[in-house]
Amino acid sequence: MSESFEPPLLTELQRDSTDPLAGPIVVRNAPEQIVERLVTAVALGVYVPGQALPPERELASLLGVSRATVREALRRMTESGYIEQRRGRTGGSFVLEGWRPSSADLIRRHLLPNWSRFEALFDARRLLEPVIAATAARRRNDDDVASLSQALVDYREAGDREESRVADERLHRAVAESTHNPVLVGISAQIRTSISLDLGAEPYTPEIRRIAAIQHGELADAVIEQDPDRASAIALEHFGLTEKLIRDLVARVGEAATVEAGG
């Protein structure tokens, strides 16, 4: 996988950003905020039942908190039945269920205060990703074709959620790198980070995996065949999958709130 690249312009944009979706956890009740974010991630399929969460050290780095804070959040999630702790060389924190009785309330607390920022993020993605795909189609070279082709094979052959996550990131990075513009590569990566709640993977369901496998092939083909209009249209449709999944989750927790109020 290519090394991450953060050009000076992107660094400045990040330094000046007030986007709460892109920043570290701030102290309100840090363990509880982590629980809210992880429960939201599990409900979206960022992590799926049977999958291990990232190790404490990695989660602490992703979220900008101490390992002790992460440990406390994981303890609470274990007690609430969201995850189980397994010991040994293949141990870790494993997701048990995608939805629990407390999920709706925890998700509301994470998503709704930040919803205007999600709307801005969706809008930016709809504007930028088609441009990136079209530019990639115009500028790709033989090395890019090889990278795209291999990334597509890796995605289609991915055997589990983790392999799928890695292959998905590689394919979209290969498209962005085909623009030969490091600022566009960085912006695309930053949007992917924010849409994944800073947790390293886009939302996922088996149905989205099925559709994405088709759209990935169509997107790669359009870039390889140097068809910018088709690449742009496919990118717009493809990146709408994640947006729809998040909007559907907001609708679900809204319906749960209505039921609770009526009950």
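What's counted below: heavy atoms across the whole structure, side chains too, no hydrogens, waters or symmetry copies.
- Side-chain contact between Arg37 and Asp198: present, with at least one pair of heavy atoms (C-beta onward) separated by less than 4.5 Å.
- Under the 4.5 Å side-chain criterion, counting only non-hydrogen atoms from C-beta, Ser188 is in contact with Glu129.
- Within the 4.5 Å cutoff, no side-chain heavy atoms of Thr135 are placed close to those of Asn181.
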- Go through the steps to decide whether Glu243 and Arg247 satisfy the test salt bridge (Lys or Arg N to Asp or Glu O under 4.0 Å), and finish with yes or no. CA-CA 6 Å; Glu243 178 179 342; Arg247 290 188 185 280; 2.9 Å; yes

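- Using a 4.5 Å heavy-atom threshold, the side chains of Asp168 and His216 count as touching.
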- Yes or no on side-chain contact (heavy atoms from CB on, under 4.5 Å) for Ser178 and Leu148, after CA distance, side-chain angles and deciding distance? CA-CA 9 Å; Ser178 297; Leu148 283 163; 3.9 Å; yes

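- Counting only heavy atoms from C-beta outward, the side chains of Phe122 and Ile246 approach each other to under 4.5 Å.
- Gly217 and Arg156 get closest at one heavy-atom pair: CA-NH2, 3.6 Å.
- Side-chain N/O atoms of Asn29 and Gln33 include no donor and acceptor closer than 3.5 Å.
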- Item | Worked verdict on Leu38 versus Leu106 for side-chain contact (heavy atoms from CB on, under 4.5 Å) | CA-CA 9 Å; Leu38 289 174; Leu106 292 168; over 6 Å; no

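- Here the CD-CZ distance, from Glu58 to Arg67, works out to 11.5 Å after rounding to the nearest 0.5 Å.
- Both Ile195 and Trp115 belong to a common hydrophobic cluster when Ile, Leu, Val, Met, Phe, Trp and Tyr are linked at side-chain heavy-atom distances under 4.5 angstrom.
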- Could you give me the CA-CA distance, side-chain angles and deciding distance for Glu97 and Ile83, then say whether side-chain contact (heavy atoms from CB on, under 4.5 Å) is met? CA-CA 7 Å; Glu97 295 186 55; Ile83 61 174; over 6 Å; no

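- Contact detail for Ile34 and Val65: the closest heavy-atom pair is CD1-CG2, 3.8 Å.
- Not one N or O on the side chain of Ser232 forms a donor-acceptor pair closer than 3.5 Å with the backbone of Asp229.
- Side-chain atoms of Asp227 do not come within 3.5 Å of backbone N or O of Val223 as any donor-acceptor pair.
- Annotation: the span from Arg71 atom CZ to Ser93 atom OG amounts to 10.5 Å, rounded to 0.5 Å.
- Atom CD of Gln85 and atom CG of Leu53 lie 8.5 Å apart (nearest 0.5 Å).
- Ile234 and Ala222 make their closest contact through CD1-CB, 4.2 Å (heavy atoms, listed as atom of the first residue, atom of the second, distance).
- Leu236 and Arg126 make their closest contact through CD1-O, 3.8 Å (heavy atoms, listed as atom of the first residue, atom of the second, distance).
- Here the CD-CD distance, from Gln51 to Glu162, works out to 6.0 Å after rounding to the nearest 0.5 Å.
- Within a 6.0 Å radius of CG in Asn141, more than 12 heavy atoms belonging to other residues, nucleotides or ligands are found.
- No path of Ile, Leu, Val, Met, Phe, Trp and Tyr side chains, each step under 4.5 Å between heavy atoms, connects Ile214 with Tyr204, placing them in separate hydrophobic clusters.
- The minimum heavy-atom distance between Ile208 and Pro203, with the atom names listed, is CG2-O, 4.5 Å.
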- Under the side chain to side chain donor-acceptor pair (under 3.5 Å) rule, what do Gln215 and His238 come out as? Steps first, then yes or no, please. CA-CA 6 Å; Gln215 292 180 345; His238 177 65; 2.8 Å; yes

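- Leu128 is not connected to Val175 by any chain of hydrophobic side-chain contacts under 4.5 Å among Ile, Leu, Val, Met, Phe, Trp and Tyr, and they are in different clusters.
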- Task: Just do the side-chain contact (heavy atoms from CB on, under 4.5 Å) check on Ser147 and Asp144 with the steps written out, would you?
- Result: CA-CA 5 Å; Ser147 295; Asp144 298 322; 5.5 Å; no

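- Tracing side-chain contacts under 4.5 Å through hydrophobic residues (I, L, V, M, F, W, Y), one never reaches Val48 starting from Leu249; they form parts of separate clusters.
- Between the Ser194 side chain and the Ile191 main chain, no donor and acceptor come within less than 3.5 Å of each other.
- One distance of note links NE2 of His180 with CZ of Arg140; it measures 9.5 Å at 0.5 Å rounding.
- A salt bridge links Asp105 with Arg109; the closest basic N to acidic carboxylate O contact falls under 4.0 Å.
- Listed for the Ser196 side chain is a donor-acceptor partner under 3.5 Å among the backbone atoms of Thr193.
- Seen from the ring of Phe239, Arg125 does not count as a face-on cation partner, given the 6.0 Å and 45° thresholds.
- Using a cut-off of 4.0 Å between Lys/Arg side-chain N and Asp/Glu carboxylate O, Arg210 and Glu207 are scored as salt-bridged.
- Ion pairing between a basic and an acidic side chain is recognised when a charged N comes within 4.0 Å of a carboxylate O; Glu32 and Arg76 show such pairing.
- Both tests pass for Arg209 against the ring of Tyr155: distance under 6.0 Å to the centre and angle within 45° of the axis.
- Linking ILVMFWY residues whenever their side-chain heavy atoms come closer than 4.5 Å, directly or via other members, places Trp99 and Leu111 in the same cluster.
- For the pair Leu112 and Ile107, the minimum side-chain heavy-atom distance is 4.5 Å or more.
- Counting heavy atoms from C-beta on, the side chains of Val185 and Arg173 come closer than 4.5 Å.
- Using a 4.5 Å heavy-atom threshold, the side chains of Tyr47 and Pro54 count as touching.
- Residues Leu219 and Ala231 come closest through the heavy atom pair CD1-O, 3.7 Å.
- Arg165 and Glu202 are not joined by a salt bridge, as no carboxylate oxygen comes within less than 4.0 angstrom of a charged side-chain nitrogen.
- Distance check: Glu177 CD to Ile132 CD1 gives 12.0 Å after rounding to the nearest 0.5 Å.
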